[in-house]
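Counting convention: from 1, in listed order, for ligands and their atoms alike.
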Amino acid sequence: MTDHERAIIERLRVKPGEHVRLKDRDPRDSSLFGAEQETKTATDAIARDIDVLQDRLYAEGSRALLVVLQGTDTSGKDGTIRTVFNATGPLGVSVTAFGVPTTQELAHDYLWRVHAACPRRGTIGIFNRSHYEDVLIAKVRKLAPKEAVEQRYDQINAFERMLTENGTTILKFMLHISNGEQKERLQERLDDPKKHWKFNPGDLEDRAFWNEYQEAYETMLHRCSTQHAPWYVIPADRKWVRNAAIASIVKATLEEMNPQYPKVSWNPDDFTIA
Ligand code: ADP
């Protein structure tokens with residue numbers, strides 16, 4: 001791990017039990033990085049490094065990486081996936097977007113659909129939203145009884161522990177944007193016909209609950225950032241900072257995992273291709 005990667009992780013990771021005040025974390029902070037253009041070029045190179053590491057993970061075939069992306073509407077979950085995994089071979093990556101649960105999903109416990117979407121060995125799984133919706137929107141919009149939501153933090157920690165003990169490394173990124181930035185991005189969706197499809201009037205309803213969501217995020221970060229599955233609060237008002245931070249942490253984590261090409265039991269010199 002480079003000193004720079006270590007500094008990024010140290011600054012952005014939520015320590016187990018830490019009380020995060022989102023107001024104290026500046027969504028526009030770019031102090032971990034240099035100039036914008038340089039950083040973008042470096043991020044492209046990191047995306048290629050992630051591909052090389054992913055190839056090793058796939059060949060090794062025994063472990064997986066789960067990347068959870070959470071953030072309010074317009075926080076840049078899609079854009080992060082597009083940039084950070086831009087060079088990664090599609091064969092070894094799965095992306096799952098979690099929307100409003102279907103009737104069938106609602107007939108099961110809330111982790112049922114999540115477990116089914118977890119990455120198979122050798123692959124990277126990316127969650128665009130996740131089981132954390134069940135302590136965010138479910139809490140703010142009172143979709144489940146208070147007591148049920150309260151139980152979920154421990155249940156989620158136990159679930160994630162089970163995953164890690166069975167070979168899945170977990171990284172969780174909260175994309176932290178400011179209220180003003182969300183306003184601008186929503187306005188863009190109204191102004192630009194190419195972005196109309198992204199606009200959902202329901203997003204405005206959620207925006208009205210901004211403070212309640214921030215509070216729900218703070219509780220989630222406090223209760224569910226663990227040694228085995230840490231949360232990172234990513235300054236996300238500037239897309240290039242967001243991408244650089246997440247790419248660096250993913251790369252450093254894969255390097256720590258250090259996947260190995262399997263040794264074969266045969267000798268290549270014994271074969272001649274006619
Ligand atoms: P996005 O906004 O991520 O681009 P969608 O427009 O499909 O994608 O929105 C997904 C919606 O589904 C969000 O409003 C989100 O809060 C909601 N959702 C996701 N998971 C759950 C859940 N477990 N319970 C209720 N709503 C959920």
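Considering both main-chain and side-chain atoms, D206 never comes within under 3.5 Å of ligand 1 through any nitrogen or oxygen pair.
A salt bridge is defined here as a Lys NZ or Arg NE, NH1 or NH2 lying under 4.0 Å from an Asp or Glu carboxylate O, and E18 with R25 meets this definition. Of the charged side-chain nitrogens involved, none lies within less than 4.0 Å of a carboxylate oxygen, so that E212 and K139 do not count as a salt-bridged pair.
Between Y217 and Y213, the ring planes lie tilted relative to each other; the angle falls in the 30° to 60° range. Ring-plane geometry between Y232 and F173 is classed as tilted, the angle between the planes lying from 30 to 60 degrees on a 0 to 90 degree scale.
Relative to the ring axis of F98, R113 does not place its NZ or CZ within 45° and under 6.0 Å from the centre.
The closest approach between a heavy atom of P101 and any atom of ligand 1 is below 4.0 Å.
Atom 26 (N) of ligand 1 has I137 CG2, 3.5 Å as its closest protein atom, hydrogens excluded (heavy atom only). Nearest protein heavy-atom contact of atom 7 (O) of ligand 1 is G99 CA, 4.6 Å.
Compare K77, E133, K198 by their heavy atoms: the one nearest to atom 16 (O) of ligand 1 is in E133. Checking Q70, E105, R129 against atom 13 (C) of ligand 1, the nearest heavy atom belongs to R129.
Protein heavy atoms are found inside the 4.0 Å sphere centred on atom 23 (N) of ligand 1. Distance remark: protein heavy atom not present below 4.0 angstrom from atom 5 (P) of ligand 1.
A donor and an acceptor atom, one from each side chain of R56 and N258, are located under 3.5 Å apart.
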